[in-house]
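All values derive from a computational prediction rather than experimental measurement. Letters A, B, ... mirror the listed sequences (proteins, then strands); counts begin at 1.
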There are 4 protein chains.
Amino acid sequence: MATGASGGARGGTGGRRMPRAVRERQMMDAAVRTFGRRGYRAASMDEIAELAGVSKPLVYLYLHSKEELFTACIRREAEALLTAVERAVEPELPADRQLWAGLTAFFAHAAEHPDAWSVLHRQARTHGEPFALEVAAMRGHIVAFVAGLLEAAAREAGSPGPPGERDVEGLAQALVGAAESLAAWVNESEGESGGAVSAKEAAATLMNFAWVGLGDLIKGERWSPR
Amino acid sequence: MATGASGGARGGTGGRRMPRAVRERQMMDAAVRTFGRRGYRAASMDEIAELAGVSKPLVYLYLHSKEELFTACIRREAEALLTAVERAVEPELPADRQLWAGLTAFFAHAAEHPDAWSVLHRQARTHGEPFALEVAAMRGHIVAFVAGLLEAAAREAGSPGPPGERDVEGLAQALVGAAESLAAWVNESEGESGGAVSAKEAAATLMNFAWVGLGDLIKGERWSPR
Amino acid sequence: MATGASGGARGGTGGRRMPRAVRERQMMDAAVRTFGRRGYRAASMDEIAELAGVSKPLVYLYLHSKEELFTACIRREAEALLTAVERAVEPELPADRQLWAGLTAFFAHAAEHPDAWSVLHRQARTHGEPFALEVAAMRGHIVAFVAGLLEAAAREAGSPGPPGERDVEGLAQALVGAAESLAAWVNESEGESGGAVSAKEAAATLMNFAWVGLGDLIKGERWSPR
Amino acid sequence: MATGASGGARGGTGGRRMPRAVRERQMMDAAVRTFGRRGYRAASMDEIAELAGVSKPLVYLYLHSKEELFTACIRREAEALLTAVERAVEPELPADRQLWAGLTAFFAHAAEHPDAWSVLHRQARTHGEPFALEVAAMRGHIVAFVAGLLEAAAREAGSPGPPGERDVEGLAQALVGAAESLAAWVNESEGESGGAVSAKEAAATLMNFAWVGLGDLIKGERWSPR
DNA sequence: CATGAATGAGTTTTCATTCAT
DNA sequence: TATGAATGAAAACTCATTCAT
C-alpha cells in the first residue's frame, strides 16, 4: 500500500507522478503490445491500463479514447518503420543497393518489433477505414520510394523509354506486397522446426526473385549484394 | 421494410419454412458479408441473422456458435477459391501459361468476391490461431502448387541443378504474397480515380515482375501471354 | 433414415407410432431422470425430448408445458413412493414392526429410484410453491401415517395419558425428517470409501435412535433443560 | 420510486460512492435473499443488482460471476450459522445441556435468517457438486461436533463400551437430519393456521425425541426387528 | 400419430467510458 | 497528476413454446 520512492507496486516500469511524456510512452507501449497480440476489438482498455501500470482514467485523460489511442499507436509505429528504412538507405548508392539496404532494414525492423508489425499489417487494416487509411499513407510513402528507385534503376540502365507510371506503381505495389508477405512469413517462421528465417535471408530471396526474375533465376542467374 | 422480391417481410431472399440446406446457405452468405465488412469481432450475430432474414436462434440451431460459423465461412470460401484456381489451370500447358491462368483466375475470384477475400485474407488471419490455421492450410495448397510450377519450369528450361527446396518455398511464398498483395490493391483500387485495375492487368504485372525480373524488365524485356 | 419395424434410430426404447400411454410413460421416465439430475430449471425440454426419443412438439402435445410435466412427474413418483411404503406395511403387526417395515421400504425405494428421490426431495421443494405443495401433500400422508403408528404404539404400551396432538405431529415430523435425511445420506454414500449404507442398516439406525426413545417418551419420561 | 430513508433513488440502503466492502455486503445480502427465494437458476443477476441498488457491472466487478457470487453467499452463511451455534455452546456444561444450547441456537438462526437457510439447505444442495460440497463441509463440522457430544455423553453416563464409530456417525447424521428437517418445518409453519413453532419448542421436541432414546442407547439397549 | 422449421423473450457477461475526489 | 467507484449499452447464447405439414 505504501508507495515508496520509485518503482511502485504496479506492473509497469515506473512509480507515480511521472512527466506526461513518459506516461504516454508507457501507455502506448502497452497498447501496441496489447493491440498487436489481441487485436483491436479484443484488446480491452482495462488490460492496456493494467499493463501500463496506470489507472484507466489516466489513459483516457491522455489518449482520449480507444480509437485515438489506436490511431496514435499506428502513427507512432508507422513513423518508426519509415524512419528505420530511410536511415538504412544511402542515396548515393546505386538503385539495387539501395533497395537491398531498405529491404534488409524493413525485415529486421519487422522481426524486432513483432507487435508493432502486427498492429500495422494485421490489425490496422482489419478494423475499419480510418485506421487502414493511416497505414495506407505510410505504405504510400514506401511504394513511392520504391517506385522512385525503380525509375532510377531504369535511367541508370539506360532504358529506352521510361516505363509507364502505372506499370511502375504496379511493380512497386507487387514488390512491397511481396516484402510484406515475406515479412509475415519471417515473423511466423520463428520457433518452427527448420529454424527461423533471418532478415538477410528474406531480403536476398526477394532481391533474387524481383531483380533477376524467375525466368533467369531458373537458368541459374543470381543477384548478389556485391 | 419489404425489400421487393417475392414474399418475406424480412431482408433475405426467401419466405418462411425453407429446407435446412437453403437456410444454411443464406446464413453463411450473410455471415461472409458481415464478417468481411465489419471484421470478426465487430460483426454481431444479430446483424448476421437479420441480414439472413432469420432469427438468431435459428442461426445458433444450425451453425452452433460464432466461432463455428466463422470457421464454416472460412472453409467454404477457401474451398471456393481453390476450386476457382484449379479449374482455370490446364495441366498440359507449359508452366508459365499455367501460372498465368492461375493468377488470372485468382485475381478474378478475389475481385468478384470481395467479402470472401476479406474474410480469408484479413479477418481470418487476424483473429486467433484456429482461424489462421484454416487459411494457412489453403495457402499451403496454393504455395505447394506454385512451387510445383516453379520446379516444372526449371526442368522445362533445362536448369542445371534443381534449386534448393528452401529457395523454392521462399520464392513461392514471395510470389503468392505478391499476388495477395496485388489482389488487395486491385480490390481497393475499385472506385478510385484513375479507374479500377482488372484481373488481367494485375496478372500481367505480376508475371512481368516475377517471370522476367526487374533487371530485364528495365531493359525493355517483357513477358507476354503468347 | 429408414424406420424399420421396432427399435428406431432414436434414443428411447421404442419405434414410432406407439400408443399414447406408452409414449407418455417414456416421456415421464426421461423427464424424471433429467429433472432429477439437472434440476428443474437446468433441465431443458430439448434434452427430455431427445432422451425420450420423441420430438419436442409431441412432448407438448401430451404434457402441455414444462410445469405440467414436472408436476406430473412429482405426482407419479409421490404415488409410487407412497404405494411402496403402504404395500410393505401389514396392518395386523404391532406398531414397531409396521414402522420398521415402512422405513425399510422407504429407504429401499429411495435407493432404487435415486432420480425420483431427487425430484421429490430436492427439486420439487426448491422450485416454487406449486411444486413444493405437491410434495408436502405426500409428506402429509406419510406424517399422518407415522403419527397414527405413534398413537397406536402409545395405546399398545398403555400410556397413561395420550400425548398431545402437537407433540405427536412434532415427533412424526422429526421422525420423517430424520428418515429423509438418512435416505439422502444413504443415497450419497454410494460409491464412497467405506462402502455404501444399505436400506436395512439405515432403518435399523433410525429405529434404534427413535424407537427406544419413543418408548420412554410414551411412558411419560421427558428431557428438560434443567 | 424513492424509498424513503436518505438519499438514493435506488432500492438499496445507500446513496452512491460507497466503499467497496459496504457495497459487497449489500450485494451479498441481496443475493442471499434472491437466491433463497427464487432458487439459484431462477434468480437473475439483474434482480440481484436492482435489489442491491447497484448496476449489474458493479456486481460483476466485485463478485466476478453468478457462480462465485453464489459460492460467496454459501460460505458467508455457512460461517454465520456455524458461528451462531458455536457461540451458544459453553464447553463446561454437560453434554446434554450443550446439545440443547446448540439446537436452540440452530433453530433460532434458521428462523431468523430464512433466506440464508434456504440458500444453505435447499439451493446449495440442489445445484451441482461444487456448491453442495461447500455445504457438506459445514455440515461435516456440525455432525462432527454432535458426534463428539454423543461420545462425551456416553462417557459421562459410564457406558460400558464406546459405541462403534459408524454407529455414532449414523446417529449424528440422523440427529442433524432431524434437526434440519424440523427447522424446515419450523420455517414453513410460519404464517400457517395453528401458530408458528418456536425455536425452543422445536429444540425441546428434538431433545425429547432423541435424548431419551440416546440415553437408553448409550446404556446398551437396542431395538431389534424381532 | 408425429415432426422439421422457426422465434420472442430472456439469460449471463463484457466493455468503453465517466464522475467525484 | 492520479484514481476508486460506477454505469449504459450491447454482445453471445439458450429456452420454452408454436406453426405448417
Between [atom2] of [N] and [atom1] of [X], the distance in whole Å:
X	N	atom1	atom2	result
A:Leu69	E:dC15	CG	P	16 Å
B:Phe70	F:dA12	CZ	C1'	16 Å
D:Leu63	E:dT14	CG	P	13 Å
D:Glu50	F:dG8	CD	C1'	15 Å
C:Glu24	E:dA2	CD	C1'	15 Å
C:Met27	E:dA2	CE	P	8 Å
C:Leu58	E:dG4	CG	C1'	14 Å
A:Gln26	F:dT1	CD	P	14 Å

*So does D:Arg23 get a side-chain nitrogen or oxygen closer than 4.0 Å to the phosphate oxygens (OP1/OP2) of F:dA6?*
yes
*With B:Tyr60, which residues qualify under ring pair (Phe, Tyr, Trp, His ring centres under 6.0 Å), at least two apart?*
none
*asked:* Going by ring pair (Phe, Tyr, Trp, His ring centres under 6.0 Å), name the residues that satisfy it together with D:His127, two or more places apart in sequence or in a different chain.
replied: C:His127, D:Tyr40
*Please work out if D:Arg20 contacts a base, only the sugar-phosphate, or nothing of the nucleic acid, heavy-atom cut-off 4.0 Å.*
sugar-phosphate
Tell me every residue that passes side chain to side chain donor-acceptor pair (under 3.5 Å) with [X], counting only those two or more places apart in sequence or in another chain.
X	value
A:Arg33	none
C:Thr34	none
A:Lys66	none
A:Glu47	A:Arg38

_On a heavy-atom basis, which atom in B:Leu61 and which in B:Arg20 lie closest, and how many Å separate them?_
O-NH2, 4.3 Å
*Hey, is the main chain of B:Glu67 close enough, under 3.5 Å, to the side chain of B:Thr71 for a donor-acceptor pair?*
yes
*Annotated protein contacts, base or backbone, on nucleotides 15-21 of chain F with a non-hydrogen cut-off under 4.0 Å, one of B, S, - each*: BSBBBS-
*Tell me which of A:Pro19 and D:Leu61 sits closer to the 5' end of DNA chain F, going by the nucleotide each one is nearest to.*
A:Pro19
_Show every salt bridge (charged side-chain N to carboxylate O under 4.0 Å, His left out) that has at least one partner inside residues 114-131 of chain C, sequence neighbours left out._
C:Arg37-C:Asp115, C:Arg122-C:Glu188, C:Arg125-C:Glu180
*Rounded to 10°, tell me the angle between the two end axes of the helix from E:dA2-F:dT21 to E:dT21-F:dA2, each built from five pairs.*
30°
